[in-house]
*Asks:* 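Would you mind keeping the following structure in view while I ask a few things?
Protein chains get the first letters and strands the later ones, always in sequence-line order, with residue 1 at the start of each. Owing to the predicted nature of the structure, the values given are computational and were not obtained by experimental measurement.
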Amino acid sequence: AADFDFWYAHGGIYAQAIESMCANFNAASLQDHVHCFPQGTYEQTLRKTVAAYRAGRQPALVEIYDIGSADMLLSGAVYPVDTLMQAMGHPIDASDYLKGIRRFYATENGRLLSQPFSASTLVLYANRQKLTAVGVDHLPQTWEAFEAAMEALHAHGKSCPAVSDYTPWKMLEQINAVQGAPIASANNGHEGLQARYEFADGVHRRFMNDVARWYSRGLLVPAIMTRANDQTLAFADGECAMSVDATGAYAIVKKAGLVDAEVGLLPVYAGTKRYGTTIGGSSLWVLKGQSASVYPAVARFLAYLHDPRQQLMFARRTGYLPLTHEAEEILTTAPDAEPDAIREGLASLELPNNDYNAGTRLGFTPLFRLIWQDEVQRALGGKETMDTALEHAQVRGNRLLERFQTTYIDAPRAEDGP
Amino acid sequence: MSAAAIRVQGLSKRFGSRVVMNDLDIDFAAGQFTVVLGPSGCGKSTLLRSIAGLEEADRGTVHIGGADVTRTPPQHRGCAMVFQNYALYPHMSVSDNIGYALKLAGLDRKERERRIGEAAELLGLGALLDRRPAQLSGGQRQRVAIGRAIARRQRVLLFDEPLSNLDAKLRQEMRIELRRLHDEIGATTIFVTHDQTEAMTLADHIVLLNNGLVEQAGTPMALYHQPRTTFVAGFIGTPPMNLLTARHEGHDIVVDGGGCFPAAIKANSSAAVMIGIRPEAIDLDDPRGMAAVVEAAEDLGSHRVIYARIGQQRVLVTYSGTRTYVRGETLRLSFSSQAICCFDAISGERIEPYSTRPASFLAEGCQP
Amino acid sequence: MSAAAIRVQGLSKRFGSRVVMNDLDIDFAAGQFTVVLGPSGCGKSTLLRSIAGLEEADRGTVHIGGADVTRTPPQHRGCAMVFQNYALYPHMSVSDNIGYALKLAGLDRKERERRIGEAAELLGLGALLDRRPAQLSGGQRQRVAIGRAIARRQRVLLFDEPLSNLDAKLRQEMRIELRRLHDEIGATTIFVTHDQTEAMTLADHIVLLNNGLVEQAGTPMALYHQPRTTFVAGFIGTPPMNLLTARHEGHDIVVDGGGCFPAAIKANSSAAVMIGIRPEAIDLDDPRGMAAVVEAAEDLGSHRVIYARIGQQRVLVTYSGTRTYVRGETLRLSFSSQAICCFDAISGERIEPYSTRPASFLAEGCQP
Amino acid sequence: MKSSARFHGHWIPLALGLPQLVLIALFFYWPTLKAFWWSLHLVCPFGNCSTFVGLGNYTRELTDSSFYAALRTTALFAAFGVSLSIAVALFLAAMVELHRRTGGLFRYLLIWPYAVAGSVLGVILKVAASPSIGPLGYLNTLWPGFWQPYLNGTQSMLMVVFAFAWTQIPFNFIVFVAALRAIPAEYLAAAAIDGADPVRRFIDIQLPMLKPQLFFVATINLIESFTNSFAIVDTMTQGGPGRATNILAYKIYTDGFIGLDLSGSSALSMMLMLLVFAACFVQFFVFERRARQEG
Amino acid sequence: MVERHPLLKTTTLILLVVGLVFALGPIYLALCSASVTSRQILVHGLALLPGSHLWENLRIVMRDARIGTMLFNSCVVSLIVVTGKLALASTSAFAVVYFRSRIRHVVFWGTFVTLLLPLEVRIVPTYAVASDLFEPLRRLIAAVTGLHLSVSINLLDSYAGLSLPLMASATGTFLFRQFYLTVPTELSEAARMDGAGPIRFFIDILLPLSKANFAALGTIVFLGTWKDYMWPLVATSRPDMRTISLGIATFLPTETGQPPEWNLVMAAALIALAPPLFVMGLTQRWFVRGVTGIGK
Ligand SMILES: Nc1ncnc2c1ncn2[C@@H]1O[C@H](COP(=O)(O)OP(=O)(O)OP(=O)(O)O)[C@@H](O)[C@H]1O
Ligand SMILES: Nc1ncnc2c1ncn2[C@@H]1O[C@H](COP(=O)(O)OP(=O)(O)OP(=O)(O)O)[C@@H](O)[C@H]1O
Ligand SMILES: [Mg+2]
Ligand SMILES: [Mg+2]
């Protein structure tokens with residue numbers, strides 16, 4: 001019987017969904033009580049977790065985003081979830097999880113050190129009415145078609161053919177995954193600390209140059225230039241006709257109800273092989289340093305969240321993907337409307353994989369994302385060419401990786417135990 | 001640099017409910033050295049600043065050299081001014097201070113330097129031209145301030161208590177120097193002060209202000225010997241004139257507390273009057289004089305001051321003899337009736353005697 | 001409240017490299033009114049504050065009433081002090097100001113009120129006891145400050161230029177009042193000022209300081225008539241003593257610029273001397289007198305001041321006649337040799353004459 | 001102050017000063033020491049390991065182009081922000097001084113922005129400067145694509161500079177108004193008599209006399225621009241776009257808290273400290289000189 | 001001064017009005033936007049004229065419990081800092097100014113160095129210190145006695161943690177020092193002649209004279225604490241410990257797809273700036289005096 005803190009990193013409808021799960025757990029559980037605290041954005045949550053851990057005030061459970069995984073794994077602050085669950089009598093089987101999710105979170109030897117919590121992937125949304133109006137009857141499958149569609153919309157006076165917030169998750173990680181192209185050596189970092197970035201050539205470079213062209217021609221409008229000031233909303237309220245967005249956006253689009261939204265797979269370049277996209281999202285980490293009585297309660301809470309009914313509730317309310325085969329099964333076979341985005345997303349994840357679309361496992365990724373954004377914004381702002389921008393980003397990113405390697409070169413490895 | 005007459009007409013000014021100038025009419029003759037004298041707060045500075053254009057009067061006009069300048073801003077009035085605290089620009093050197101006005105007037109560098117040199121020579125500032133005001137002594141600052149005023153060669157020179165920040169010795173020296181300068185330059189000079197010694201020694205003409213009104217205007221000696229009111233009598237002279245309350249009875253004046261003397265003045269019988277007598281005009285030791293008890297005596301070396309009492313009234317007597325008087329001693333005071341001024345006790349205005357019988361001395365009792 | 005003698009021995013103090021008191025030895029007699037006089041910055045306040053215990057001397061001792069208090073903190077020295085700017089506690093009423101020290105001394109309320117009442121009565125402050133210092137005029141503040149000092153009934157009363165912030169009239173009144181107070185209370189009083197008139201009129205005894213040294217100590221008249229140095233001569237009197245450079249030749253003294261007179265002093269022949277003569281001791285119109293040219297004349301009503309030149313040397317003459325002199329006129333000055341002080345031109349110290357032939361007047365040429 | 005006005009004794013001043021000193025030791029000296037220690041080590045974010053690297057972190061930062069970029073941004077931001085704050089405040093103060101009688105109301109109202117927190121202003125301006133819904137967005141209907149503060153580095157810099165100046169002006173304004181007030185009216189009167197019109201009087205008399213205040217305000221503003229601009233940048237631009245507004249203080253924060261690079265950000269802190277220290281030193285020097293001149 | 005420059009007067013007046021528009025513009029915009037509906041802003045852009053929904057929006061925002069808590073936190077923290085700083089500053093400045101002991105130099109320099117290095121610069125380590133306040137002492141004990149204690153004090157997410165580091169600055173001491181230096185030295189001398197010791201002098205004379213300075217510094221510190229952003233951002237992780245100036249940013253959408261309700265954001269902004277504006281209006285005189293006091 002114990003009280004413990006759970007820090008999560010969401011606001012809005014996501015937070016509401018989490019709070020209701022917490023409330024339900026507390027209501028259902030006689031002895032345990034979880035205190036759920038929002039900590040702001042993913043970044044803020046990670047920062048506060050680090051700080052709190054140093055101060056010895058860490059919560060028992062915390063939600064950390066995907067790219068924080070490498071930092072968490074080496075932190076020495078983590079009580080691996082599989083060990084915990086094993087010890088507390090709620091063993092989890094990594095193979096319960098969907099392929100894309102398992103591949104992302106599992107270690108080389110297949111262990112799950114954290115419990116996946118929220119996941120989504122990238123799909124293409126399109127405003128069917130607007131596309132039909134300009135004579136585009138099929139969703140673009142390729143970037144070439146995507147560009148043509150944007151041009152058609154532009155030619156018909158649509159001020160916002162497509163919208164994007166230019167985030168690296170969408171433009172770097174997912175694009176390279178779907179094309180099966182490497183972001184970093186050593187299997188995108190899964191093989192160890194010696195990994196270095198190598199995205200500046202190849203498909204990412206091609207794509208970003210296209211993006212720069214689309215941007216300068218007013219085809220791909222930055223979200224901050226839209227009235228809604230937000231990519232998802234700009235599509236949802238009909239301002240923009242197309243949007244490459246997370247599956248999670250679907251709940252918002254549906255809620256807006258304005259748009260006859262059509263969802264399809266992320267485009268690829270014509271004549272290239274399509275691989276599976278990777279996921280984005282977060283997992284739950286159990287932190288060391290709690291009193292022994294807390295961990296059984298944490299385990300019970302994790303088990304509760306793992307329950308397919310909770311997953312489904314969460315997926316339905318937020319548009320996140322179900323995580324386990326069991327939940328997917330229920331969702332896809334349920335008679336009531338199965339969200340298109342989730343279906344397409346799941347399909348996208350199930351596509352064939354190679355070494356490079358299991359996501360990345362690189363240190364200091366949060367800062368790297370800022371660097372990538374910096375450089376791309378500079379390129380879009382005409383301060384440098386896209387090619388040099390990407391090279392700069394790669395160089396600066398590699399300095400981060402080097403430092404990560406030196407920092408952790410003799411850090412204690414994750415041990416099993418609280 | 002020709003002098004210009006200044007005429008002030010109906011000038012009035014109030015600050016809030018306080019009337020500082022009350023319908024003043026004053027003429028300042030061209031080329032004259034006029035001292036505006038009065039106690040602190042009587043409106044002297046306000047008058048001077050109104051003439052300079054620094055203060056806007058509520059009513060009335062100012063004419064300089066015949067032209068109405070009431071609405072003219074200070075920079076176009078043709079006045080130069082020396083301020084009480086000098087108001088030297090602290091960030092400029094002495095020569096820049098003097099030359100600033102010339103620069104604004106558009107004079108070229110050479111002409112400016114010539115004029116600065118002239119003023120410096122006149123005031124003995126030659127060696128100081130590169131210093132900052134902070135590096136000067138009080139007297140030197142004073143001279144720079146005057147230099148700044150005269151270098152412009154304006155028709156009118158205004159001084160607002162320029163000597164009050166100097167120590168006694170320097171003040172005495174500067175007085176002589178100022179007077180000499182005025183005689184050389186010949187501008188119309190108005191000099192404001194509350195120090196009657198300065199006024200007495202500097203002025204061709206004194207305008208004595210009190211509460212925003214002209215109490216008396218005239219030559220220094222006129223003010224000293226024929227004060228128009230008790231205020232003037234009590235303001236001028238160190239120590240000032242003794243004022244004793246008395247009654248007019250028949251042809252005599254009876255001093256409260258003892259003594260009387262004959263004086264033919266136009267006043268009702270038994271009217272209350274004040275008699276004024278200068279401390280140096282009193283004889284201490286006249287057997288027929290009125291009794292006065294010594295309260296205190298001060299020996300200043302050059303002369304002595306005795307604080308005595310006639311009844312309840314204090315009398316100061318100065319004399320330069322060597323005899324000493326001690327507290328409690330009784331004096332016998334007398335004075336010539338010609339040295340006496342009579343004032344109406346209520347209005348304080350002077351009552352002219354219609355006949356002065358010469359050589360009539362104060363006596364113990366009056367025998368007509 | 002019995003008076004106590006104060007003895008200062010070997011008192012020295014320097015601020016940085018500036019010597020402010022240089023081995024001072026002074027006795028202040030019990031119950032006496034001593035004025036410490038000197039120009040600004042000469043160390044008067046430092047001396048006074050050393051006696052009060054506010055300033056720590058570098059060397060030397062202070063005895064009060066026979067006891068060595070050099071290391072005693074101010075509150076235990078039995079001194080009360082009136083500060084130049086009064087230093088009244090601005091947030092306390094007049095009676096609290098006066099009573100604060102009594103409260104700290106542990107007196108009960110009744111005794112305190114009695115003492116405050118007493119002091120108030122003595123100083124005429126009865127009606128002001130509930131006011132704040134900001135609601136008082138300068139003279140009233142002055143009196144409160146004195147009240148605060150005397151209510152404590154200390155053996156020693158110290159005043160640091162208490163009158164310098166008051167206007168001339170008030171200053172004159174306060175002088176009389178202070179002297180009266182001293183006579184009533186009988187405490188040993190030390191009064192610091194740079195105004196020689198105050199010193200002359202108030203003091204039983206004057207200590208004249210200059211540059212941290214005692215220039216002369218004595219009665220006012222001693223300082224006036226027998227100044228020990230040219231500094232004293234030039235510091236005391238308004239206008240001060242005239243100092244003329246001269247040479248000692250044989251038994252005569254020859255004034256630079258004209259005139260000579262016999263004077264028997266102990267000085268080398270042809271030694272440079274200074275002669276000092278008070279402006280009021282000069283006769284203007286002696287046919288045998290030395291020639292002097294009038295530079296300026298001031299009429300003060302009660303007397304006149306003439307600025308004249310003997311050769312290059314300025315001489316001031318005061319007289320109270322009615323005759324006027326104009327610029328450029330030639331005077332014939334003479335004076336009694338008894339009125340003359342001779343000083344060594346280099347050290348400035350007075351040279352005593354070993355014989356004064358009476359009635360020897362200054363003459364155009366000396367005929368021995 | 002004269003030493004004679006001071007009390008004797010050691011224990012009382014110690015007791016009086018101690019609480020403050022303890023607090024300062026805890027929250028100033030100890031953190032500063034810690035930062036210095038970190039800056040010489042490579043520390044793990046979670047605090048369970050550290051390697052001594054000597055000046056490695058410093059050389060790392062000093063060879064990183066983004067450090068120089070941040071330095072340049074900081075310098076630009078400081079230069080523009082400080083000059084704008086000072087110029088506008090001076091201008092307003094001069095005009096209020098000119099309208100002494102009616103200026104009271106302006107003086108009262110112009111101080112108000114001082115009560116507004118940087119973050120609140122940031123939020124308001126973020127909306128107000130929005131190219132789609134803000135008033136400036138109307139410019140885009142005239143010249144499409146003209147106002148894009150979140151894409152155009154220059155414009156976003158302008159925006160934060162404006163916001164920074166807005167927060168600083170009231171303080172400067174008060175200081176200037178008070179200083180102008182304190183200039184004896186006699187100087188202006190003397191200048192008027194000397195023939196100077198109001199504009200000349202301002203340039204020749206008032207401005208030179210404001211020099212100490214100008215120095216003071218400039219130093220304060222400079223330190224503020226190094227440090228307190230954080231809230232504005234964080235709420236409005238987060239250092240973007242393309243690190244156009246990534247001032248050093250913000251970089252310290254992002255490197256330390258987002259990048260989990262305690263060592264690097266500590267090294268940056270130490271270097272920023274040096275900068276602030278230099279600024280203060282200049283100020284101190286100037287004040288000392290002024291004090292010596294006056295005394 | 002007789003000064004007739006109608007053109008100059010009008011021009012400067014116009015410029016002053018322009019300055020006023022810029023100074024109050026953002027506040028006005030916030031007021032306008034807070035008084036319309038969210039839809040209106042999305043459709044017509046930011047309102048330039050006040051609408052009629054102000055109370056409604058304010059009510060909606062106030063119903064959000066966060067605002068109440070944050071306002072309360074801001075008040076508590078500001079008041080703690082004001083009280084603490086006034087107490088510390090007045091006493092430490094007294095120690096600095098009124099004693100001969102060399103200690104005063106220690107206090108002076110020990111305090112004044114903090115002027116040079118603002119909190120923002122040492123934010124990261126200060127955070128670490130606040131999270132483990134006992135560390136220095138623990139280390140000292142360990143170094144001296146070899147004892148390894150496990151005591152620790154964590155100030156994060158507490159009022160003490162929010163306020164204490166803000167108190168550790170020299171501005172207050174500086175201001176009081178400036179003021180004490182203007183108090184005539186004769187007052188302390190007179191008090192000493194009257195038999196008062198330092199503490200009595202401090203209580204009987206100096207404190208009553210410092211009333212205005214307490215008000216001035218109090219206002220400045222209050223506003224400064226209220227406006228502080230970085231420290232609360234770092235030192236709090238629990239939403240119920242957030243202060244309003246920090247919390248205002250949480251009204252901005254953080255998740256993509258969270259519809260921005262600018263009218264509510266602006267209403268919250270209005271609420272956040274109302275108390276300091278009120279305090280400012282109330283104590284403006286003191287505030288001005290304080291600022292100019294610093295400037296001396
Ligand atoms: N700007 C002002 N506002 C209000 N009252 C003023 C102002 N200027 C002067 N006064 C008042 O007007 C009265 C006359 O002032 P003024 O300066 O003319 O006196 P003064 O005769 O020059 O005195 P002083 O010898 O002290 O200089 C004084 O009581 C003064 O307080
Ligand atoms: N605390 C101090 N530090 C340095 N110098 C001082 C200090 N106090 C006084 N002095 C200097 O010592 C000298 C003597 O000072 P003191 O105050 O005793 O002069 P004073 O004779 O009282 O002059 P005044 O008539 O101007 O009051 C002055 O030159 C003064 O500048
Ligand atoms: Mg005046
Ligand atoms: Mg003195």
*Asks:* Parallel under 30°, tilted from 30 to 60°, perpendicular over 60°: which one fits the rings of B:F33 and B:F159?
*Replies:* parallel
*Asks:* Between the side chains of B:S164 and B:Q84, does any donor sit under 3.5 Å from an acceptor?
*Replies:* yes
*Asks:* Measure the CD-CG distance between B:Q196 and B:L37 for me, rounded to the nearest 0.5 Å.
*Replies:*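 Nearest 0.5 Å value for the CD-CG distance: 7.5 Å.
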*Asks:* Heavy atom to heavy atom, less than 4.5 Å: which residues from residues 303-310 of chain B reach chain C?
*Replies:*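 If one takes a 4.5 Å heavy-atom cut-off, the residues of residues 303-310 of chain B near chain C are B:Y307.
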*Asks:* For chain B, which residues of residues 220-228 of chain C have at least one non-hydrogen atom nearer than 4.5 Å to it?
*Replies:*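 Checking residues 220-228 of chain C against chain B gives C:M221, C:Y224, C:H225.
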*Asks:* Keeping B:K44 on the side-chain end and B:F191 on the backbone end, is there a donor-acceptor pair under 3.5 Å?
*Replies:*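 Not a single qualifying donor-acceptor pair exists.
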*Asks:* Using a 3.5 Å distance criterion without hydrogens, assess whether the side chain of C:Q313 forms a donor-acceptor pair with backbone atoms of C:T245.
*Replies:*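 Side chain of C:Q313 to backbone of C:T245, a donor-acceptor pair under 3.5 Å: yes, one is there.
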*Asks:* Going through the checks in order, is the side-chain contact (heavy atoms from CB on, under 4.5 Å) test met by C:L181 and C:L123?
*Replies:* CA-CA 9 Å; C:L181 265 175; C:L123 291 156; 3.5 Å; yes
*Asks:* Using heavy-atom distances under 4.5 Å, tell me whether C:R175 contacts chain B through its side chain, its backbone, both, or neither.
*Replies:*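 Answer is side chain: those atoms of C:R175 sit under 4.5 Å from chain B.
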*Asks:* Among C:T197, C:T201, C:D195, which has the most heavy-atom pairs under 4.5 Å with chain B?
*Replies:* C:T201
*Asks:* For C:L202, is it the side chain, the backbone, both or neither that has a heavy atom under 4.5 Å from a heavy atom of chain B?
*Replies:* neither
*Asks:* So what's closer than 4.5 Å to chain B heavy atoms on C:I176: side chain, backbone, both or neither?
*Replies:*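 The side chain, not the backbone.
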*Asks:* Applying side-chain contact (heavy atoms from CB on, under 4.5 Å) to B:I150 and B:L157, what does each step give before you reach the verdict?
*Replies:* CA-CA 8 Å; B:I150 62 174; B:L157 263 174; 3.9 Å; yes
*Asks:* Hey, mind stepping through C:D299 and C:T324 against side-chain contact (heavy atoms from CB on, under 4.5 Å) and telling me if it holds?
*Replies:* CA-CA 9 Å; C:D299 187 349; C:T324 57; 5.5 Å; no
*Asks:* Report yes or no: does B:N242 contribute a side-chain atom to a donor-acceptor pair with the main-chain N or O of B:L316 at less than 3.5 Å?
*Replies:* yes
*Asks:* Just so I know, are the side chains of C:D204 and C:R179 near enough to count as touching, which here means a heavy-atom distance under 4.5 Å?
*Replies:* yes
*Asks:* Let me know which of B:M174, B:E198, B:Q142 forms a side-chain contact (heavy atoms from CB on, under 4.5 Å) with B:P162.
*Replies:*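 For B:P162, the side-chain contact (heavy atoms from CB on, under 4.5 Å) test succeeds with only one of B:M174, B:E198, B:Q142, which is B:Q142.
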